[in-house]
Amino acid sequence: MLSEAGRMTRRGLMLVLSSPSGAGKTTISRRLLEDERDLSMSVSVTTRPKRQGEVEGRDYYFVDRGTFDNMVRDNALLEHATVFDNSYGTPAGPVEDALKAGRDVLFDVDWQGAQQMKQRRETDIVSVFILPPSTAELERRLRTRGRDPDDVVKRRMAKAADEISHYDGYDYVVVNDDLERCLTQIRAILVAERVRRQRQPGLADFVEKLTRPYRGD
Ligand SMILES: Nc1ncnc2c1ncn2[C@@H]1O[C@H](COP(=O)(O)OP(=O)(O)OP(=O)(O)O)[C@@H](O)[C@H]1O
Ligand SMILES: Nc1nc2c(ncn2[C@@H]2O[C@H](COP(=O)(O)O)[C@@H](O)[C@H]2O)c(=O)[nH]1
């Protein structure tokens with residue numbers, strides 16, 4: 001009964017993942033979404049061209065510069081930033097609907113996006129920075145992923161130290177060495193953050209009813 005009452009009244013949370021490119025955000029996000037039924041992915045808008053295999057509305061909403069600028073002007077984005085020469089932003093509308101309905105939202109954004117979201121929605125955010133186990137392993141992952149040519153891999157590696165330097169703005173830091181262990185740690189963060197007192201607005205009523213018979217009033 002308690003968990004049922006908690007489920008119905010809980011406010012959702014915003015789980016923000018950041019890392020240097022190639023540390024494993026996409027891999028981790030996909031695995032979390034497979035087995036967390038209360039979690040959905042925030043789909044960003046971007047001006048970057050679609051890559052082979054990417055699907056409009058699943059991976060991103062691919063928009064032109066004018067459309068992106070209009071969204072910024074109309075305050076339709078919760079945050080936005082330039083990453084690797086392209087613009088990215090998080091549509092605001094779907095996030096509030098999900099949180100109100102008690103559903104959690106997962107974000108794969110860079111440190112600038114995480115920082116802006118924290119400024120605007122501090123109590124809803126749970127931020128996790130994912131570190132690679134080593135620089136050599138990060139480069140190995142970028143290369144074996146086989147998606148980017150050598151110059152792009154080099155550029156991502158050159159940017160990694162800058163992204164990593166922002167780890168201290170995050171609530172949690174997880175090293176993605178063994179994927180399963182990393183997932184266990186992030187799931188544990190989710191489990192604990194969901195039962196934070198502030199995320200259970202129905203708690204005072206529940207406790208009041210629970211203790212009524214013993215208070216003699
Ligand atoms: N724990 C792990 N051990 C070994 N390989 C991993 C691990 N986690 C992810 N990978 C691999 O590393 C590569 C990069 O992972 P992924 O694409 O998820 O990174 P990313 O952080 O989302 O990168 P980007 O920011 O560029 O989108 C992929 O080929 C993925 O399969
Ligand atoms: N600030 C934001 N950063 C975002 C958003 N969506 C993605 N990203 C980050 O961009 C880079 C590159 O992503 P890629 O898919 O083009 O390789 C990566 O670090 C993402 O975390 C967003 O809406 N806002």
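Start at 1 and go down the list; that is how both ligands and their atoms are numbered.
- Looking at G22 next to ligand 1, an N or O pair under 3.5 Å apart turns up.
- Checked by distance only, ligand 2 and Q112 stay at 3.5 Å or farther apart across all their nitrogen or oxygen atoms.
- Of the N or O atoms in E137, none lie within a sub-3.5 Å distance of an N or O in ligand 1.
- The distance from ligand 1 to the heavy atoms of D177 drops below 4.0 Å at these ligand atoms: 1 (N), 2 (C), 3 (N).
- At under 3.5 Å, a nitrogen or oxygen of Y88, whether backbone or side chain, sits near a nitrogen or oxygen of ligand 2.
- Taking every non-hydrogen atom of R147 and a distance limit under 4.0 Å, the qualifying atoms of ligand 1 come out as 26 (O).
- At a 3.5 angstrom cut-off on N or O pairs, S19 does not count as close to ligand 2.
- Taking distance alone, with nitrogen or oxygen atoms compared against 3.5 Å, H80 stays at or beyond that limit from ligand 2.
- Checking only distances, G89 does come within under 3.5 Å of ligand 2, N or O to N or O.
- Against a heavy-atom cut-off of under 4.0 Å, R156 is close to the following atoms of ligand 1: 26 (O).
- The protein heavy atom nearest to atom 4 (C) of ligand 1 is R141 NE, 3.6 Å.
- D104 pairs in a side chain to side chain contact (heavy atoms under 4.5 Å, CB included) with only one of the listed residues (L39, V126, L99), which is L39.
- Using modelled atom types and a 3.5 Å distance limit, the side chains of S127 and Y172 yield no donor-acceptor pair.
- Relative to the six-membered ring of Y60, K50 misses at least one condition, a distance below 6.0 Å or an angle of at most 45° to the axis.
- With ligand atoms numbered from 1 in the order given, ligand 1 contributes 21 (O) to contacts under 4.0 Å with heavy atoms of S19.
- Here is the list of ligand 1 atoms found below 4.0 Å of a heavy atom in L179: 1 (N).
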